[in-house]
Amino acid sequence: MRIDIDALTVEIAGARLLEDVTLRAGGGQLVGLVGPNGSGKSTLLRCVYRALRPSGGTVRIDGDDLYAMSARESARRLAALPQEAVTEFDFTVAEVVEMGRLPHQRAVARTTDEDRRTCAAALAGVGADHLADRGFLTLSGGEKQRVLIARALAQQPRVLVLDEPTNHLDIAQQLEVLALVRESGLTVLTALHDLNLAALHCDLLHVIDRGRIVASGAPHDVLTPALLAEVFGVRAHRVHHPETGAVQLLFDRLLPARIPARPGS
Amino acid sequence: MATPLERIPAVPPRTARTGAGPAPPRRVPLPLLLTALCAALLLSLVCGAGMGASGLAWGAVLRYLWAGLTGGSIAPDEFPAYTIVWELRFPRAVLAAVVGAGLSAIGVAVQAMVRNALADPFVLGISSGAAVGANAVLLFGAFGTLGVWALSSAAFLSALLSMMLVYAIARTARGLTPLRLVLTGTAMYYGFSAVTTFMVFAAERGEAARSAMMWMLGSLGGANWGSVPIAATAVLGGLAHLGWSARRLNALAMGDETAAALGVDAGRLRKELFLVAAAVTGAVVAVSGAIGFVGLMVPHAVRMLVGADHRRLLAVAPLMGAVLLIWVDILSRVVLAPAELPVGVLTAVIGVPCFVLLMRRRSYTFGGA
């Protein structure tokens with residue numbers, strides 16, 4: 001249930017995309033990764049789900065070195081929802097969910113009853129069992145995301161990694177996705193775009209800026225006006241959610257340094 | 001410290017809201033389809049042996065086939081007819097089946113590999129690339145030291161090379177876009193065809209012109225029992241590898257990132273597919289030239305029948321491709337008998353309208369929205 005990232009560095013074509021990133025998540029917590037576009041959120045997550053090999057540093061799951069495991073072995077422990085969800089091929093929902101069993105299956109073995117039960121449970125778990133026979137490409141954005149979460153759950157992982165899972169979703173769908181992820185009880189590491197959503201739902205936040213972690217802690221402690229000015233270049237007011245007391249942000253305006261100069265002025 | 005969510009009043013889940021939605025895609029039951037196709041394959045092989053320019057009684061054709069299969073004896077005066085059936089037509093039908101199966105399976109694999117439903121060895125110029133190698137052997141005696149393997153090896157190597165070339169040119173930092181890929185493939189097709197034509201020009205042999213026609217349009221006219229084993233071995237080997245990789249192909253079709261998250265090394269799988277596609281395309285082109293449209297059309301037709309799952313796709317597509325090409329070859333022999341049409345002409349005549357029909361069918365989302 002633990003994931004330990006230590007001194008992770010990614011260098012591609014001379015550019016440092018990540019520098020000495022150290023981060024921990026565990027105990028069934030929902031851990032958020034926030035930062036401006038291009039700050040390295042996706043790069044970091046790609047290293048964790050092994051789409052990218054870092055230049056240095058380690059990622060460990062429950063103490064075991066991720067890169068010492070076979071790809072299948074690590075996929076049994078860690079499931080991910082990458083940002084791309086484009087396919088040209090019209091798989092059914094049931095077929096998409098069954099792909100989650102891939103790391104557990106031998107290449108030529110038939111699908112077992114246990115596989116089927118696991119997939120059915122995963123699909124029911126996200127409330128999408130009625131979609132099983134539908135074509136994946138015909139689903140709405142929210143439905144797709146639910147099905148992809150079901151695929152991740154069918155992997156029976158201990159850790160779930162999500163790259164901006166709420167992108168392109170309406171507000172109800174966004175809340176639904178985060179609720180589903182929370183219900184899974186897994187340790188979750190997720191990149192999030194929406195700071196208020198992150199503040200409301202995450203147990204722990206890591207702020208990443210230009211490839212470095214610049215702040216870590218509870219949302220309340222991390223999302224300070226000073227940090228938002230520094231990292232995002234915006235002026236923000238903190239308010240508290242009237243019911244939960246969670247910190248929420250009201251954005252004011254761009255700070256002068258971030259306002260693009262007008263031509264001719 | 002703010003602990004999230006628990007204290008927010010529960011909102012009724014929206015999951016119950018969805019109605020029936022579009023009806024699930026109708027699909028043909030797999031065992032039924034496979035049985036029907038196996039029966040059709042056997043029947044087609046017999047028809048391939050029985051039909052042609054010279055009319056023979058079906059009873060006699062079956063007797064000759066039986067004699068050929070079991071090593072039985074026939075009357076001496078039947079020998080010419082027997083030769084037509086057993087030495088010319090039947091190996092030709094078998095080869096058509098092998099080529100059709102190979103092209104269809106490789107079409108499926110290449111489409112998953114480049115995640116693009118427009119891809120197949122012919123469209124991407126790989127077939128015509130393989131034809132360059134094969135032609136070099138036939139016209140100039142290249143790879144002469146390899147003997148019987150020269151043709152297949154040359155076709156394999158030039159298939160692999162042209163595939164790498166197309167891939168390298170079409171690839172951008174953001175991956176392979178359909179447009180770049182098809183444009184590159186088309187350009188390469190013309191390039192390789194030009195090389196083939198030039199080789200024919202330079203060879204200055206009467207036979208060469210006909211040979212070039214065969215390489216560019218595809219023909220099974222040269223089939224005999226000698227051409228079957230290498231092609232069949234390559235195709236069966238390729239099918240075995242693809243069947244073994246079917247689940248990984250599903251993951252790859254969802255994208256490299258998803259494949260990685262599912263424990264599939266997309267880079268390695270793609271390299272395997274490269275080799276398999278080059279080997280099968282090379283072996284097939286060496287015996288039949290560059291036959292178009294089969295590798296493109298059959299995967300689409302099969303997807304409409306059984307869906308996108310590669311386990312089903314790779315079971316059905318080779319059978320369907322085999323049956324299709326046997327009949328296309330029969331047609332090529334009887335339409336203008338005793339003259340023969342190149343197979344590629346007929347696959348295009350059948351393939352183009354099918355392709356247009358597919359493109360216009362809205363329910364079939366073969367290329368995304």
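Just so we're on the same page: letters track the sequence lines, and every chain starts at 1.
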For this session: Go through E272(B) and R248(B) one step at a time and tell me if the salt bridge (charged side-chain N to carboxylate O under 4.0 Å, His left out) criterion holds.
Result: CA-CA 12 Å; E272(B) 290 173 26; R248(B) 293 191 297 158; 2.8 Å; yes
[X] versus chain B, the contacting section by heavy-atom distance below 4.5 Å:
X      : value
R77(A) : neither
R76(A) : neither
V48(A) : neither
L78(A) : backbone

Problem set entry | Over 12 foreign heavy atoms within 6.0 Å of CZ, R238(A) |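 Enclosed: over 12 neighbouring heavy atoms sit under 6.0 Å from CZ of R238(A).
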Exercise. How long is the span from the CG atom in L195(A) to the CG atom in L205(A), to the nearest 0.5 Å?
Worked result: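 Rounded to the nearest 0.5 Å, the CG-CG separation comes to 8.5 Å.
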Exercise. Do you know which of R50(A), R101(A), E98(A) has the most heavy-atom pairs under 4.5 Å to chain B?
Worked result: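 Looking at each option in turn, the highest pair count goes to E98(A).
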Exercise. What option among M69(A), H240(A), R46(A), R72(A) has the most heavy-atom pairs under 4.5 Å with chain B?
Worked result: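 The option with the most such pairs is R46(A).
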For this session: Just say parallel, tilted or perpendicular for the rings of Y189(B) and F122(B), cut-offs at 30° and 60°.
Result: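 Y189(B) and F122(B): tilted rings.
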Part of [X] lying under 4.5 Å from any heavy atom of chain A:
X       : value
R312(B) : side chain
D309(B) : both
A112(B) : backbone

Exercise. Between R247(B) and T111(A), do the side chains contain an N or O donor and an N or O acceptor separated by less than 3.5 Å?
Worked result: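 A donor-acceptor contact under 3.5 Å links the two side chains.
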Problem set entry | Close side-chain approach of R151(A) and L262(B), heavy atoms under 4.5 Å |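 Heavy-atom side-chain distance check passes, below 4.5 Å.
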For this session: State yes or no: are the ring centers of Y167(B) and F274(B) separated by less than 6.0 Å?
Result: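 Yes, close enough.
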